[in-house]
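Below you'll find the structure, written out as structure tokens, and then a few comments.
One-based numbering along the sequence shown.
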Amino acid sequence: MHCLSPKMVCETKIIADEHSIPGTEKDSIIVSTSQMWTSSSLSPNSLEENLKKDTVSIREFELTDHEDVRRIFYDGIMERIPNTAFRGLKQQTKTQIIYTFITMMCFVVTKSVALTCCAPVLLMGARYYFSKKVIHSFLDCALHTDMSDIEQYYMKPAGSCFWVAVLEGKVVGIVGAQGNEEDNTVELRRMSVDSRYRGKGIAKALGRKVLEFAMLNNYSAIVLGTTAVKLAAHKLYESLGFKHMGVTEEYTLPGMSHSFVERMFFQLRYHRYRLQLHEE
């Protein structure tokens, strides 16, 4: 496979729909930096103001972006602590049954309604504690590997790249692409958008940038893996053309101790997605 240098991928600008939500049918309008299609129903002044406000620029990572990139990545992963602890329980039928059994046994043993009512609270507290513990370990691992030196991991290797989304002069989103020459695929990695700027189609624009990069570099497919609990994340991948390839129950993250207590209160489902570009 002959890969283009990441520097050869041109900058793209996106006019984001303020009311669009990633994963819905509403799309961002992608235009080149030298040409924008505008509506004749808007006055020149109001159009210029709207474009200035809502224009998102997707460009390659620069060394000066390092702190903003790490902040966005860190904040995005930290959001998964309550999501995994509480929302994730909805996907764990076996765990729900175990917790119900523990609560019932608490009443059988103690005959106390007050203590029995405390059991679910204690169980949820334990879930939050272990979610925080494991995800902090994962963050520590990520921030000391590829997220510690993006230039080395993504910008220097041929067939890989890292981009940031910029709005109003601020870095508001990130995404990386890491090529694998063995199977001629590229992995979409580390996608995250600042929570203050979501709902503007930024995540979808970042995903399309990876798609553009994969096509320019003649990769056969784009792959990704996610432990995201929120349905919106999965709808986003599907809206970009990805197909769900399967799920791994009780997925193990780096930093997990594999103890019985940890497995009791922390579970993850790992979803695999693939976007086939062409057959080998």
Side-chain angles (χ1 to χ4, degrees), residues 21-25 72-107 116-142 173-175 187-195 198-199 203-204 206-207 222-275:
I21 299 175
T24 64
E25 293 182 358
I72 292 171
F73 174 72
Y74 179 89
D75 291 346
I77 296 298
M78 287 295 289
E79 288 179 11
R80 297 195 180 186
I81 294 176
N83 288 336
T84 303
F86 307 130
R87 288 191 182 187
L89 183 58
K90 296 179 181 179
Q91 304 172 353
Q92 303 292 336
T93 304
K94 184 171 71 173
T95 303
Q96 291 179 38
I97 294 172
I98 293 173
Y99 289 178
T100 302
F101 176 77
I102 292 173
T103 303
M104 293 175 62
M105 289 302 298
C106 181
F107 179 76
T116 302
C117 291
C118 288
V121 177
L122 293 174
L123 290 170
M124 291 301 100
R127 284 187 66 85
Y128 185 86
Y129 169 79
F130 280 100
S131 292
K132 185 176 180 180
K133 176 178 177 290
V134 172
I135 289 175
H136 272 168
S137 296
F138 167 75
L139 263 173
D140 184 66
C141 178
I174 62 173
V175 72
E187 182 182 5
L188 186 153
R189 308 192 72 208
R190 308 307 194 198
M191 180 188 283
S192 187
V193 175
D194 190 316
S195 59
R198 291 174 187 166
K204 183 171 284 189
L206 288 166
I222 307 171
V223 298
L224 68 87
T226 181
T227 57
V229 175
K230 289 184 177 180
L231 184 61
H234 298 275
K235 286 186 175 181
L236 168 65
Y237 303 137
E238 292 171 358
S239 72
L240 288 168
F242 285 89
K243 291 185 178 180
H244 190 258
M245 304 302 293
V247 60
T248 301
E249 302 288 346
E250 298 183 5
Y251 181 71
T252 301
L253 281 177
M256 291 183 66
S257 65
H258 307 288
S259 68
F260 172 78
V261 177
E262 186 180 81
R263 292 198 304 271
M264 174 72 71
F265 295 108
F266 183 82
Q267 305 89 24
L268 273 181
R269 305 177 81 210
Y270 182 79
H271 298 265
R272 299 183 303 278
Y273 285 89
R274 184 182 182 94
L275 174 55

- Note on the structure: The side-chain contact (heavy atoms from CB on, under 4.5 Å) partners of K243 (sequence neighbours excluded) come to M245
- Query: Which class fits the ring pair Y273 and H234: parallel under 30°, tilted 30 to 60°, perpendicular over 60°?
  - Reply: tilted
- Looking at CD of E187 and CD1 of I222, how far apart are the two atoms once the value is rounded to the nearest 0.5 Å? 11.5 Å
- Examine the side chains of R272 and T248 and answer whether a donor and an acceptor come within less than 3.5 Å of each other. yes
- Message: Within the 4.5 Å heavy-atom criterion, are K132 and M78 side-chain neighbours or not?
- Response: no
- Message: Quick check on the 6.0 Å ring-centre criterion: do Y251 and Y270 meet it?
- Response: yes
- Are any non-hydrogen side-chain atoms of L275 and L188 less than 4.5 angstrom apart? no
- CZ/F86: more than 12 non-hydrogen atoms of other groups inside 6.0 Å: yes
- With I135 as reference, evaluate T227, T84, N83 under the side-chain contact (heavy atoms from CB on, under 4.5 Å) test and give the passing residue. T84
- Identify, with sequence neighbours excluded, every residue that meets salt bridge (charged side-chain N to carboxylate O under 4.0 Å, His left out) alongside K133. E262
- For the residue pair P120 and T116, what are the closest heavy atoms and their distance? CD-O, 3.2 Å
- Looking only at non-hydrogen atoms, find the nearest pair between R80 and A228 and report the distance. NH1-N, 3.9 Å
- In Å and rounded to the nearest 0.5 Å, what is the CZ to OG distance from R198 to S192? 6.0 Å
- Under the 3.5 angstrom rule, does the side chain of R190 hit a backbone N or O of F73 as a donor-acceptor pair? no
Under 3.5 Å, which donor-acceptor pairs do the side chains of residues 92-105 form with other protein atoms, sequence neighbours left out?
unit_1 : atom_1 : unit_2 : atom_2 : d
Q96    : NE2    : L89    : O      : 2.8
Q96    : NE2    : K90    : O      : 3.3
Y99    : OH     : R127   : NH1    : 3.3
Y99    : OH     : M264   : O      : 2.8
T100   : OG1    : Q96    : O      : 2.8
T103   : OG1    : Y99    : O      : 2.9

- Task: Rounded to the nearest 0.5 Å, what's the gap from CZ on F266 to OH on Y128? Could you check?
- Result: 13.0 Å
- Any side-chain heavy-atom pair from M191 and L236 closer than 4.5 angstrom? yes
- Query: So do the side chains of L240 and K204 get within less than 4.5 Å of each other, counting heavy atoms only?
  - Reply: yes
- What orientation do Y237 and F242 show, parallel under 30°, tilted 30 to 60°, or perpendicular over 60°? perpendicular
